[in-house]
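Owing to the predicted nature of the structure, the values given are computational and were not obtained by experimental measurement. Letters A, B, ... mirror the listed sequences (proteins, then strands); counts begin at 1.
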Amino acid sequence: MKKTRYISLALFAAGIVACQLIFTALGTDYLLIQLTMSAYYALVVIGLSLLMGYAGQISLGHAAFFALGGYLTAVFSTNQLQEVVSHEMLTRLSRIGIVYSSDAHDALYRLHPALSLPTVIIVTIIIAIIIGIPILRLKGHYLSMATLGFGIILYRIFLGTKVFGEADGISNVAPFDIPGFFPIGGESSFRVPNYYFAWFLVIIALVLLLNIIDSRVGRALRAIHDSEEAASAMGVDTGRYKLIVFIISALLAAIGGFFMTHYNAGIGPSEAGIMKSVRYVSIVAVGGMANLWGCLIMGVVLNYLSLRGYFGSYDDAVFGALLIAIMVFAPNGIFKKEIFDKIRHFVSRIPCRFSK
Amino acid sequence: MPIFEVENMCRSFGGLKAVDGVSFSVESGQIKAIIGPNGAGKTTLFNLIAGSIQPDSGAVTFKGADIYALPPHKIAEKGILRTFQNIKLFPHMTVMENILVGSHRKMRAGFLQAAFPLPWTYREERDAREKAAQIAEDLGIDTLLDTELANLDFGSQRVVELARALAGEPEMLLLDEPAAGLNIHETLQLSEAIRKIMEKGITILLIEHDMSLVMDISDEIIVLSYGKKIAEGLPAEIQRNPEVIAVYLGTDNA
Ligand SMILES: Nc1ncnc2c1ncn2[C@@H]1O[C@H](COP(=O)(O)OP(=O)(O)OP(=O)(O)O)[C@@H](O)[C@H]1O
Ligand SMILES: [Mg+2]
């Protein structure tokens with residue numbers, strides 16, 4: 001089991017490198033932009049796969065967590081900061097180094113990048129706990145309803161607040177610039193390193209999640225999914241486990257949104273919309289829920305196609321239709337052994353048909 | 001000093017008093033059977049003890065500590081593990097994994113240690129697997145360890161459930177009709193297994209309809225009828241008790 005995991009990881013990494021080499025060689029390395037963005041979306045998807053597939057909970061608010069990470073860092077690293085913090089305060093903070101003013105734009109104060117990511121992480125954890133804590137006592141569809149409400153509220157806040165740029169969102173977000181490291185942003189000279197950085201994050205997240213799944217904790221999660229009553233009778237604190245998984249998946253979404261916003265130099269309210277959340281849910285459903293690899297691959301493929309504009313103006317409709325189709329025809333996703341067996345069976349019978 | 005005590009336990013569903021003021025105690029290492037006609041409240045009593053339903057009133061102590069109305073995982077942490085009358089296993093997991101869930105309370109690796117494994121996490125996992133394999137061997141299901149649960153016959157599923165509970169090294173075991181649905185041969189194997197469990201000093205509460213099994217292995221017997229305890233005593237006494245005989249023959253229509 002362990003061995004196949006490393007083989008899969010190696011193949012996956014090889015695929016990432018191959019894409020870069022091929023696109024660069026062909027002179028089409030602008031395609032790496034969408035692949036980089038797909039990587040950040042993939043973070044949301046694999047976190048949601050853990051939540052849906054292993055803890056058996058559905059979140060209809062993961063786009064909101066993604067947007068939360070993005071919007072917070074957008075405010076922290078643009079003029080929007082002056083909307084919420086007074087000028088005197090900013091100058092004072094800049095003296096102790098918490099806030100700094102970049103040399104390029106004299107008037108622009110930004111939160112130090114070493115602080116912005118931890119702040120996003122802490123805020124996300126707090127919000128996830130507040131939304132998630134009733135899971136400890138309530139059963140059933142509590143979380144999907146609560147996250148749906150959270151998603152709608154956050155969307156309205158982003159859309160209606162001046163700090164968040166209202167309908168336009170926030171643009172001109174500066175790159176995420178840790179000293180001594182290349183800037184995480186959309187600058188074309190850093191396109192390739194940014195591509196590798198994004199996929200590096202995905203692989204790290206993937207390894208950590210696979211570790212969790214292959215452990216006592218992952219076993220407990222699958223047990224909860226199969227029979228909550230039996231799992232708790234064996235000492236599994238089911239509420240706590242579900243809450244922690246929810247926090248982890250919310251964190252991955254927020255981190256994805258954080259880097260995506262720096263990479264795109266901006267974020268808009270549509271990232272927080274319900275249709276985006278439904279999209280993540282449908283990708284996880286297509287990928288087979290409790291199948292991290294399946295969800296990851298579907299996440300990359302579908303997001304890439306969508307970002308390249310293959311679905312045109314039917315973008316949201318495609319994901320909605322996909323969700324319905326999966327629920328009706330293949331509720332376990334498309335990466336199921338039965339389905340491959342069926343195909344193999346079908347293919348193996350073709351010669352017989354001809355020989356008759 | 002009894003290891004386990006239940007006092008005046010009550011629980012109604014609507015107007016039905018499913019468990020009505022039941023009190024009893026169990027000595028350490030003892031095997032106590034709970035018998036009674038269908039619907040007498042035996043399973044409900046187990047559910048109340050194990051925390052899967054909330055009692056209306058009463059008191060429960062285990063090893064001197066108050067465990068009344070604790071949630072199920074807390075009860076399990078205290079060392080009381082159970083099996084279910086209508087088997088509740090994890091159908092999408094192998095037999096080995098099912099048993100390993102039983103070891104949950106004896107292991108330590110949480111989310112962080114799982115994500116960033118250290119040598120001791122691997123050691124813990126390996127030891128748990130060895131222990132699970134040993135338990136499976138003791139119960140004669142070692143050839144089934146890698147089988148998906150869905151492919152298991154009923155009798156083996158009962159044994160897996162027992163193995164899962166044993167993997168948690170319980171101090172007290174609640175067995176709800178472990179022989180139900182087993183054939184004569186399997187029932188004999190079961191009573192053999194229960195004897196071995198007792199040799200380890202594990203205290204057992206046993207609900208069972210199979211009278212020969214009950215009379216054979218239990219130290220003491222409690223009889224429930226319509227939620228009330230109507231008798232308690234040694235197997236021989238219970239067999240002679242006119243009230244018990246009346247309940248079982250259905251002549252008790254006062
Ligand atoms: N969750 C519940 N809601 C409503 N009524 C219940 C519930 N659980 C049990 N009962 C009722 O309580 C009574 C006792 O049921 P219980 O399952 O404890 O009986 P039992 O002694 O285990 O019977 P059996 O030998 O058939 O397993 C029954 O009348 C049953 O219908
Ligand atoms: Mg019962």
- Least distance between heavy atoms, B/Phe111 atom then A/Ile248 atom: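 Heavy atoms of B/Phe111 and A/Ile248 come nearest at CD2-CD1, 3.6 Å.
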Toward chain A, the part of [X] with a non-hydrogen atom under 4.5 Å:
X       : result
B/Ile75 : neither
B/Leu89 : backbone
B/Phe84 : side chain

Under a 4.5 Å heavy-atom cutoff, which of [options] has the most pairs with chain A?
options                               : result
B/Ala50, B/Pro72, B/Ala115, B/Gly110  : B/Ala115
B/Pro71, B/Ala76, B/Ala167, B/Pro170  : B/Ala76
B/Pro117, B/Pro91, B/Gly168, B/Gly102 : B/Pro91

- Task: Sort out for me which of A/Val217, A/Val245, A/Val207 touches chain B most, counting heavy-atom pairs under 4.5 Å.
- Result: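 Of A/Val217, A/Val245, A/Val207, A/Val217 has the most heavy-atom pairs under 4.5 Å with chain B.
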Between chain A and chain B, donor-acceptor distances below 3.5 angstrom:
unit_1	atom_1	unit_2	atom_2	d
A/Asn211	ND2	B/Ala115	O	2.8
A/Arg216	NE	B/His104	O	3.0
A/Arg216	NH1	B/Ala109	O	2.8
A/Arg216	NH2	B/His104	O	3.0
A/Arg216	NH2	B/His104	NE2	3.2
A/Arg216	NH2	B/Met107	O	3.3
A/Arg219	NH1	B/Glu125	OE2	2.7
A/Arg219	NH2	B/Glu125	OE1	3.4
A/Arg222	NH1	B/Glu97	OE2	3.3
A/Arg222	NH2	B/Glu97	OE2	3.1
A/Asp226	OD1	B/His92	ND1	2.6
A/Asp226	OD2	B/His92	N	2.8
A/Glu229	OE1	B/Lys88	NZ	2.6
A/Ser232	O	B/His73	N	3.4
A/Asp237	OD2	B/His73	NE2	3.4

- Message: Going by side chain to side chain contact (heavy atoms under 4.5 Å, CB included), name the residues that satisfy it together with A/Ile204, two or more places apart in sequence or in a different chain.
- Response: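 A/Ile204: side chain to side chain contact (heavy atoms under 4.5 Å, CB included) contacts with A/Phe200, A/Leu208.
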- Item | Proximity breakdown for A/Leu209 and chain B, heavy-atom pairs closer than 4.5 Å |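 Interface part for A/Leu209: neither.
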- Item | Under 4.5 Å from any heavy atom of chain B - which part of A/Ala231 |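 Answer is both: backbone and side chain atoms of A/Ala231 are under 4.5 Å from chain B.
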